[in-house]
Amino acid sequence: MSTARWGKKWADVDEDEDDNMNAGPDNKGSRFETKADKDGIKTVIEYVERDGSTYRMTRRVKQRVNTKWINKDMIERKTMAKFGKALTNSEADERTMCVKSVEVVNIELTKKVTVDLSQKDDAEDKFFDESLKITEALLKEKKVWTDMNKEMKEEVGVGVGEENKGEEKKDEAPAGAAGKYVPPSLRGKGEGA
């Protein structure tokens, strides 16, 4: 391909670009496109002349191929020869048989449910109040499980007698062994041997 007919100087042309470029039909040689790669991306190079100088504009363009589904049988039926009454009737009679319907068809569109503003506000207020209660519960001082367990036992009255028995057993412990561990074999034998 000759670069002179594209309006370029021979030194401005790359050798490998020359092989896969096609001159665009609309710009008479000022626009060139490479072939699309596997992803459909092609390079478009345009040479634009402004104020006496030529500028090269390179763009990358994604090429998409739109496929349209057609039914081959449907196309075949359009070219099919007439048969039956359509064959015997004239074209004027056929036109009168195919008439648009003049029936009035009432279509009811679905109506939006209108919500009273007061109901909407009540729902928002209820949500707001519930969210405030939840945040108050989260920020409330937390108690230790053992303290809650003690309070529950005091309220119910369970385990009060058992605590008193534990205090009596502490009183029975030897005086010298207070606060120290005494093995079972030495318990009750006097002052911790």
Side-chain angles (χ1 to χ4, degrees), residues 1-140:
M1 293 174 145
S2 172
T3 58
R5 65 180 163 178
W6 292 338
K8 294 196 288 183
K9 295 182 181 174
W10 65 271
D12 293 338
V13 178
D14 292 337
E15 293 287 328
D16 41 330
E17 281 184 4
D18 198 21
D19 295 337
N20 59 357
M21 286 197 183
N22 303 322
D26 53 350
N27 293 338
K28 297 181 184 174
S30 64
R31 177 184 170 118
F32 306 99
E33 297 180 4
T34 61
K35 294 178 183 174
D37 63 356
K38 64 179 171 100
D39 298 324
I41 297 174
K42 63 181 180 179
T43 306
V44 177
I45 301 171
E46 287 186 76
Y47 290 93
V48 180
E49 190 169 330
R50 292 184 192 153
D51 301 327
S53 20
T54 304
Y55 296 97
R56 176 181 175 174
M57 297 172 60
T58 306
R59 290 184 285 161
R60 294 183 70 209
V61 180
K62 183 163 186 170
Q63 180 181 10
R64 288 191 297 170
V65 177
N66 291 334
T67 57
K68 183 179 176 184
W69 180 85
I70 56 171
N71 190 342
K72 292 179 183 177
D73 295 331
M74 184 176 72
I75 293 172
E76 202 173 291
R77 271 187 242 119
K78 287 182 180 179
T79 59
M80 194 178 197
K82 294 184 179 183
F83 59 93
K85 284 196 173 185
L87 182 64
T88 58
N89 292 343
S90 65
E91 274 194 46
D93 291 339
E94 286 296 314
R95 284 190 197 133
T96 58
M97 289 184 188
C98 298
V99 179
K100 287 186 179 178
S101 175
V102 290
E103 286 182 34
V104 177
V105 179
N106 293 327
I107 300 174
E108 287 188 30
L109 300 174
T110 57
K111 296 178 183 177
K112 260 189 176 177
V113 178
T114 56
V115 178
D116 293 337
L117 292 176
S118 60
Q119 290 178 352
K120 185 177 179 184
D121 290 339
D122 290 342
E124 287 178 1
D125 290 340
K126 182 179 177 185
F127 173 76
F128 183 70
D129 290 339
E130 288 177 1
S131 62
L132 284 177
K133 287 179 186 176
I134 291 171
T135 52
E136 287 174 2
L138 289 173
L139 298 174
K140 191 167 62 171

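For the atom pair F32 CZ and R56 CZ, the distance stands at 10.0 Å (nearest 0.5 Å). To the nearest 0.5 Å, atom CE of residue M57 and atom CZ of residue R31 are 10.0 Å apart. With rounding to the nearest 0.5 angstrom, the CD atom of E76 is 9.5 Å from the CG atom of N71. Interatomic distance, CD of E49 versus OH of Y55, reported as 10.0 Å (0.5 Å rounding). Atoms CG and OG1, from N89 and T96 in turn, are 8.5 Å apart once rounded to the nearest 0.5 Å. Note that CD of E46 and CD of E33 are 9.0 Å apart. Values are rounded to the nearest 0.5 Å.
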- [ ] Tell me, with the steps shown, if T43 and T58 meet side-chain contact (heavy atoms from CB on, under 4.5 Å).
- [x] CA-CA 7 Å; T43 306; T58 306; 3.6 Å; yes
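When all heavy atoms of I70 and I75 are compared, the pair lying nearest together is CD1-CD1, 3.6 Å. Taking each heavy atom of T34 and K42 in turn, the nearest pair found is O-CB, 3.4 Å.
Residue pairs that meet the salt bridge (Lys or Arg N to Asp or Glu O under 4.0 Å) test with at least one member in residues 78-96, sequence neighbours left out, are E91-R95.
Looking at residues two or more places apart in sequence or on another chain, you find a side chain to side chain contact (heavy atoms under 4.5 Å, CB included) between E124 and K120, D121. The salt bridge (Lys or Arg N to Asp or Glu O under 4.0 Å) search around R77 returns none, not counting sequence neighbours.
Under a 3.5 Å cut-off, the side chain of D39 and the backbone N or O of I41 do not form any donor-acceptor pair.
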